[in-house]
Structures are given as structure tokens and as C-alpha cells.
Amino acid sequence: MPSRGKKRARGALKAAKEPDLKVPKSEIPKAGEEPAPVKMSGKRNAGKTSARETGTGVEQEGNQKTYTHWLMKSEPESRLEKGVDVKFGIEDLKAQPNQTACWDGVRNYQARNFLRDMKVGQKAFFYHSNCKEPGVAGIIKVVKEAYPDHTQFEKKDPHYDSSSSKENPKWWMVDVKFVRMTQRFIPLAELKRHHQAHKTSGGPLKDMALFTRQRLSVQPLTVEEFEFVLSLEEEKPH
DNA sequence: GCCAACGTTGGC
DNA sequence: GCCAACGTTGGC
């Protein structure tokens with residue numbers, strides 16, 4: 001949720017202007033810093049994925065699957081959260097200086113851990129959530145790896161977190177840049193139909209996090225999932 | 001606006 | 001450590 005200036009969407013961010021030095025995200029969170037990592041229900045990882053595919057930071061040891069593609073949710077319609085409009089659709093990202101913004105406001109540990117796994121150059125779908133027409137609107141890419149989300153320290157920010165400190169920040173964000181709109185908007189309903197069909201056929205969307213991890217605002221996609229969704233661009237909407 | 005899903009909090 | 005209450009996410 002990036003939010004620029006005062007607006008932000010869940011997971012939004014704001015124009016990323018400062019060239020600050022990057023934080024060594026390499027440092028692993030010390031134990032205790034976060035609530036138990038959520039277990040991803042194992043059964044859906046049937047198959048190849050090694051357990052722990054959704055690293056939760058703590059178990060960031062080396063065994064977890066490395067993701068290269070993502071889906072990031074943000075709200076394109078105005079909504080007040082503690083008096084602040086959290087709207088941040090893909091058009092808002094395009095309008096930022098250099099079409100770049102920081103994805104701030106993520107306040108879920110699992111989503112935060114995924115943000116910390118992101119590498120410069122990786123692509124993500126910009127997903128419109130909590131709106132009239134939810135779905136994939138475009139493609140963005142990571143242009144700066146994880147660094148502390150400053151909004152956690154700002155008392156007036158809707159995502160202020162009094163339990164965090166600058167010495168040991170709890171929440172992180174990345175900078176993303178607009179790449180392009182998808183050739184057509186790909187509605188959630190359409191993705192869901194494929195997901196349902198693939199559950200029986202074994203197709204690429206059978207385990208898509210959008211459906212299996214319902215409320216995660218930052219989620220990983222396998223290459224197969226990413227490419228399948230992209231292939232829908234060329235099809236007629238239906 | 002409703003409400004299901006599900007993460008978080010806090011009592012015990 | 002369990003689990004009920006609560007709060008949030010986000011589709012519909």
C-alpha cells in the first residue's frame with residue numbers, strides 16, 4: 001500500500017524521492033520481534049514446493065522457496081482511514097514523479113516478509129482491491145529493496161505503530177515503478193474461474209495465493225502463475 | 001452495507 | 001499455550 005503524500009492505499013506508498021542508502025535487509029529479525037510466523041497450510045503446497053515456501057522471516061534459513069514474481073494490492077477508490085484517504089490506484093502510481101512510489105503501510109508480518117524478499121528488477125502485478133472492479137490492472141517492478149517504512153513513526157499516519165522504534169523498525173517497504181498497464185484489465189472474477197477450473201485440472205492457478213491466502217496484501221506468484229495471468233491479456237474478456 | 005475469512009490480542 | 005473476542009480485509 002503505497003501512499004503518496006497523504007493518500008495511500010493499503011499497502012501503498014508515497015513518492016520515493018530520497019536516495020537513501022539501503023538498509024541491509026540481510027540482517028535477520030531477531031527472534032521475538034514478531035508474532036509467530038504463520039504456517040501456510042501445508043497441503044496446498046503439495047508437490048514440489050518445499051515446506052516453508054512462504055518464508056516468514058524467522059525461518060529465513062535457506063530452505064524456503066525463492067520467489068521472483070509478486071502481486072501487490074492497493075485500493076483505487078477513496079476510503080478514509082483515520083481521516084486519511086488511502087486511495088492509491090495504478091493511475092496514482094503513474095502520476096508520481098518518475099512513476100515511482102514507496103509501498104508503505106503494510107502491517108501484516110507475512111506480507112512484510114515478502115516485501116523483504118523482493119529484489120530490484122522483479123515484477124509484480126498491481127492489483128486493485130476493495131473496489132467496484134477488483135483485479136489486475138498493470139505491471140510494476142521493484143526499484144529499491146526493503147527499507148524501514150517511515151509511516152510507522154508518524155503519529156498522524158493511519159499506519160502509525162507506537163510499538164515500533166527507529167532502532168528496531170518493525171515495518172518495511174520497497175519502492176516500485178510503473179511498468180505498464182496490462183493490455184486489458186483482468187478481473188478477479190475471471191481469475192477465480194480459472195482458479196476453480198485449475199483445482200480440478202491441475203492448471204497453473206490451482207494454488208494461487210490470491211485465493212488460498214485471501215487477505216494477504218503482498219503475495220508471491222510462481223513463474224507459471226505470473227505467465228498464465230499475463231497470457232490472459234490477449235484473450236477476450238469473458 | 002453485509003459478512004466471511006482470518007490475523008491479533010489478551011484473559012486465564 | 002489455548003481460545004474467545006475483537007478488528008481488519010476485501011469480495012459481493
Side-chain angles (χ1 to χ4, degrees), chain A residues 1-3 7-13 29 31-45 52-59 70-90 92-93 103-116 124-138 149 151-152 157-165 168-173 185-199 205-221 229 232 237-238:
Chain A
M1 43 218 22
S3 68
K7 4 249 303 172
R8 56 169 346 61
R10 282 176 212 226
L13 44 5
E33 135 182 332
E34 52 221 275
V38 183
K39 68 345 156 125
M40 307 274 292
S41 75
K43 67 307 252 49
R44 76 193 146 68
N45 300 339
R52 251 87 187 90
E53 71 169 41
T54 55
T56 65
V58 188
E59 67 222 6
W70 313 90
L71 180 147
M72 302 170 81
K73 300 178 181 176
S74 190
E75 303 184 31
E77 296 174 5
S78 287
R79 185 175 65 83
L80 295 185
E81 202 172 302
K82 295 183 182 156
V84 179
D85 192 351
V86 297
K87 171 184 185 290
F88 194 81
I90 195 161
D92 297 303
L93 174 60
W103 206 264
D104 67 18
V106 170
R107 296 293 181 270
N108 166 282
Y109 290 102
Q110 202 171 9
R112 189 253 345 236
N113 292 342
F114 285 136
L115 286 175
R116 295 200 299 205
F125 286 127
F126 193 115
Y127 177 89
H128 281 170
S129 69
N130 204 18
C131 56
K132 207 56 64 68
E133 248 222 306
V136 171
D149 177 348
T151 65
Q152 67 196 303
D157 192 278
H159 300 299
Y160 171 65
D161 184 348
S162 63
S163 72
S164 186
S165 68
N168 189 17
K170 195 179 277 188
W171 307 112
W172 299 67
M173 63 188 184
F185 181 82
I186 303 171
L188 172 64
E190 183 176 336
L191 294 172
K192 187 180 285 182
R193 281 200 312 277
H194 288 293
H195 168 64
Q196 293 296 349
H198 289 183
K199 282 199 289 184
L205 300 195
K206 69 179 191 310
D207 294 324
M208 194 181 189
L210 192 57
F211 306 105
T212 59
R213 307 257 42 216
Q214 208 172 295
R215 297 168 43 189
L216 247 197
S217 66
V218 175
Q219 49 186 256
L221 271 75
V229 173
L232 297 176
H238 59 278

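In what follows, chains are A, B, ... by sequence order, proteins preceding strands, each numbered from 1.
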Contacts of A:Q214 meeting side-chain contact (heavy atoms from CB on, under 4.5 Å) (sequence neighbours excluded), chain-then-number -> none
Sub-3.5 Å pairs of nitrogen or oxygen atoms, protein against nucleotides 2-5 of chain B:
residue	atom	partner	partner atom	Å
B:dA5	O4'	A:Q214	NE2	3.4
B:dA5	N3	A:R215	NH1	3.2

Between A:L210 and A:K73 the two heavy atoms that sit nearest each other are CD1-CE, 3.7 Å
With a 4.0 Å cutoff (strictly under), does any side-chain N or O of A:K73 reach OP1 or OP2 of C:dG10? yes
Stem segments of DNA chain C by first residue number [Watson-Crick or G-U, under 3.5 Å, at least 3]: B:1-12 with C:1-12
Kindly write out the residues that satisfy side-chain contact (heavy atoms from CB on, under 4.5 Å) with A:S163, not counting sequence neighbours, or none if the list is empty. A:D161, A:K170
If you compare every side-chain N and O of A:K132 against the phosphate oxygens of C:dG10 (OP1, OP2), does one of them come in below 4.0 Å? no
Can any side-chain N or O of A:N168 pair as donor or acceptor with the backbone N or O of A:S165 at less than 3.5 Å? no
Rounded to the Å, how far apart are A:E81 CD and C:dG7 C1'? 12 Å
For C:dT9 and A:R213 - does any side-chain N or O of the residue sit under 4.0 Å from the phosphate oxygens OP1/OP2? no
Atom pair distance, as rounded to whole Å: OH in A:Y109 and P in C:dT9: 14 Å
Where the side chain of A:N108 is defined as all heavy atoms beyond and including C-beta, which of C:dG11, C:dG10, B:dG7 is the nearest nucleotide? B:dG7
Within the pair A:Y127 and C:dT9, is there a side-chain N or O less than 4.0 Å away from OP1 or OP2? no
Could you tell me how far apart A:H159 (NE2) and C:dG7 (C1') are, to the nearest whole angstrom? 14 Å
Listed by chain and number, what are the side-chain hydrogen bond (donor to acceptor under 3.5 Å, both in side chains) partners of A:Q196, not counting sequence neighbours? A:K199
Side-chain contact test, heavy atoms from C-beta onward, threshold under 4.5 Å: evaluate it for A:H128 versus A:F185 and give yes or no. yes
Under 4.5 Å between any side-chain heavy atoms of A:E190 and A:R193, yes or no? yes
Does a side-chain N-to-carboxylate-O contact under 4.0 Å join A:R79 and A:E77? no
To the nearest angstrom, how far is A:L210 atom CG from C:dC12 atom P? 10 Å
What is the separation between atom NZ on A:K82 and atom C1' on C:dT8, rounded to the nearest whole Å? 11 Å
Rounded to the Å, how far apart are A:R112 CZ and B:dG7 C1'? 14 Å
Euclidean distance, atom CZ of residue A:F211 to atom C1' of C:dC12 [Å, nearest integer]: 14 Å
A:A124: partners by side-chain contact (heavy atoms from CB on, under 4.5 Å), with sequence neighbours left out: A:W70, A:M72, A:I140
Just how far, in rounded Å, is P of C:dG11 from CD of A:E133? 11 Å
